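Report on the following structure.
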Amino acid sequence: MKVRLIAATVLLSVVAAGTVHAATRVDAPAYRTMTPPEAASALLQKALTEAGKGSWERIAAGRVYYLGGMKSEGQAIFDAVLANDPDPSDLFRVARVYREAGEWPRAKDLFDKSIEMNPKDEKGLAEVGAYYLANGDRATAEALFDRSFKIKSEIWATVAAAGAYVGVTPQE
C-alpha cells in the first residue's frame with residue numbers, strides 16, 4: 001500500500017511538472033514565425049514563469065522589457081520587486097538598469113539607498129563611485145573609492161575605479 005502511495009505521488013508530481021512545463025513552453029517554430037516584438041514578448045512571459053518569485057530573475061526579465069522599449073512592463077516588474085522590503089542587491093540591480101537606460105538621477109537614488117543598506121560592499125562602493133565619476137562628480141566618486149579600499153583591497157573594486165578614470169564603466 002505504501003509503495004503504491006509513493007508511486008502515485010511521484011506520478012502526480014511528474015504529471016504536474018509536465019503540465020507546468022508545457023504551459024511555459026515556447027516552441028521554436030512559434031517564435032521563429034513571430035515578429036521580433038511578438039517573439040520577445042512570448043519569451044519574456046516564459047522567462048517570468050521560470051523566474052517564479054526570484055527577484056534577480058524577475059529584474060533580469062524587467063531589464064529586457066525596460067531597455068527593449070516596453071518600459072511600462074519593465075517598470076511594473078521593478079515596482080513589484082522593490083515594494084516588499086527589497087534586498088540591497090535588488091536596489092542595485094534595478095539601479096543598473098536605470099543607469100544603462102541613461103536615467104542617472106533614478107539610478108543614483110537607488111544606488112545610494114543600496115550602499116546605505118550595505119555599507120561594507122567594497123565592489124558595490126567602487127562600482128557606484130565609477131558611475132558618479134562617469135556623471136561628472138569626481139569628489140563623490142573618490143570618496144566612495146576611499147571607502148571601498150578601506151574595507152578591502154579587491155581586484156574588481158580596483159578595476160572599477162581604474163576604468164572610471166578612462167571612461168570604462170564597470171562590467172556588470
Side-chain angles (χ1 to χ4, degrees), residues 24 26 31 36-172:
T24 62
V26 177
Y31 65 73
E38 291 169 338
S41 182
L43 290 167
L44 284 167
Q45 286 301 312
K46 179 182 185 314
L48 285 172
T49 300
E50 293 169 346
K53 295 184 182 205
S55 62
W56 289 12
E57 295 85 351
R58 290 186 298 148
I59 292 168
R63 175 183 174 271
V64 175
Y65 275 116
Y66 200 86
L67 297 175
M70 299 167 273
K71 270 189 167 180
S72 61
E73 292 88 340
Q75 188 63 57
I77 292 168
F78 300 154
D79 291 346
V81 169
L82 299 179
N84 300 314
D85 192 29
D87 189 77
S89 65
D90 295 334
L91 296 170
F92 205 92
R93 288 174 189 281
V94 173
R96 281 177 168 165
V97 176
Y98 292 150
R99 186 212 59 83
E100 195 174 359
E103 299 174 13
W104 172 242
R106 293 184 83 185
K108 179 186 168 301
D109 289 343
L110 289 182
F111 280 133
D112 289 347
K113 287 177 188 171
S114 176
I115 61 176
E116 180 182 311
M117 292 170 69
N118 192 10
K120 296 196 182 286
D121 177 10
E122 72 279 351
K123 291 183 284 187
L125 288 163
E127 183 174 329
V128 174
Y131 298 140
Y132 267 95
L133 190 56
N135 284 280
D137 187 346
R138 185 172 178 163
T140 301
E142 290 176 341
L144 290 168
F145 296 156
D146 291 346
R147 283 178 56 193
S148 172
F149 299 145
K150 283 180 184 173
I151 295 168
K152 180 180 177 186
S153 182
E154 197 269 339
I155 179 68
W156 303 116
T158 305
V159 168
Y165 286 102
V166 292
V168 177
T169 57
Q171 187 175 9
E172 298 175 10

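Position 1 is the first residue of the sequence, and the numbers go up from there. Since we're looking at a predicted model, the values are computed, not measured.
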Report summary line: Glu122 and Ser148 have their tightest heavy-atom pair at O-OG, 2.7 Å
Query raised in the report: Hey, does the side chain of Asp137 reach the backbone of Leu133 with a donor-acceptor pair shorter than 3.5 angstrom?
Result: no
Query raised in the report: Below 4.5 Å, heavy atoms only, C-beta onward: do Glu38 and Tyr31 meet side chain to side chain?
Result: no
**Report entry** Nearest non-hydrogen partners of Pro119 and Leu125, listed with the distance
**Finding:** O-CD1, 3.5 Å
Query raised in the report: Can you pull the salt bridge (charged side-chain N to carboxylate O under 4.0 Å, His left out) pairs that have at least one residue in residues 68-81, sequence neighbours excluded?
Result: Lys71-Glu103
Requested in this report: For Arg106 and Tyr66, work out which heavy atoms get closest and say how close.
Outcome: NH1-OH, 3.0 Å
Report task. Please report the closest heavy-atom contact between Val97 and Leu67, naming both atoms and the distance. Result -> O-CD2, 4.1 Å
Report task. Taking the side chain as every heavy atom from C-beta outward, state whether Arg63 and Glu100 have any pair of such atoms under 4.5 Å apart. Result -> yes
Query raised in the report: For Asp87, what residues pass the side chain to side chain contact (heavy atoms under 4.5 Å, CB included) criterion, not counting sequence neighbours?
Result: Ser89, Asp90
Report task. State, yes or no, whether a side-chain contact exists between Val128 and Thr140 at a heavy-atom distance under 4.5 Å. Result -> no
Query raised in the report: Quick one: are Leu44 and Val64 in side-chain contact, heavy atoms under 4.5 Å?
Result: yes
Report task. Evaluate side chain to side chain contact (heavy atoms under 4.5 Å, CB included) for Glu127 paired with Lys123, printing each intermediate quantity in order. Result -> CA-CA 6 Å; Glu127 183 174 329; Lys123 291 183 284 187; over 6 Å; no
Query raised in the report: Looking at side-chain heavy atoms only, is the closest gap between Phe145 and Tyr165 below 4.5 Å?
Result: yes
Requested in this report: Could you tell me which residues satisfy salt bridge (charged side-chain N to carboxylate O under 4.0 Å, His left out) with Lys120, sequence neighbours excluded, listed by chain and number?
Outcome: none
**Report entry** Working for salt bridge (Lys or Arg N to Asp or Glu O under 4.0 Å), residues Lys113 and Asp109
**Finding:** CA-CA 6 Å; Lys113 287 177 188 171; Asp109 289 343; over 6 Å; no
Requested in this report: Provide the closest heavy-atom pair for Val94 versus Leu82 in the form atom of the first, atom of the second, distance.
Outcome: CG1-CD1, 4.1 Å
Query raised in the report: With a distance cut-off below 6.0 Å to the six-membered ring centre and an angular limit of 45° from the axis, does Arg99 pair with Trp104 as a cation-pi contact?
Result: no
Report task. Quick one: closest heavy-atom pair of Ser55 and Val81, and the distance? Result -> CB-CG1, 3.9 Å
Query raised in the report: Where does the angle between the aromatic ring planes of Tyr98 and Phe78 fall among parallel (under 30°), tilted (30 to 60°) and perpendicular (over 60°)?
Result: perpendicular
Can you give each donor-acceptor pair under 3.5 Å made by side-chain atoms of residues 149-164, sequence neighbours left out, with the distance rounded to 0.1 Å?
from, atom 1, to, atom 2, distance (Å)
Glu154, OE1, Trp156, N, 3.1
Glu154, OE1, Ala157, N, 2.9
Thr158, OG1, Glu154, O, 3.1

Query raised in the report: Are side-chain heavy atoms of Tyr131 and Thr169 found at a separation under 4.5 Å?
Result: yes
Query raised in the report: Residues in side chain to side chain contact (heavy atoms under 4.5 Å, CB included) with Ala51, at least two apart?
Result: Glu57, Arg58
Requested in this report: Could you pull out all residues at least two apart from Tyr65 that satisfy ring-ring contact (aromatic ring centres under 6.0 Å, His included)?
Outcome: none
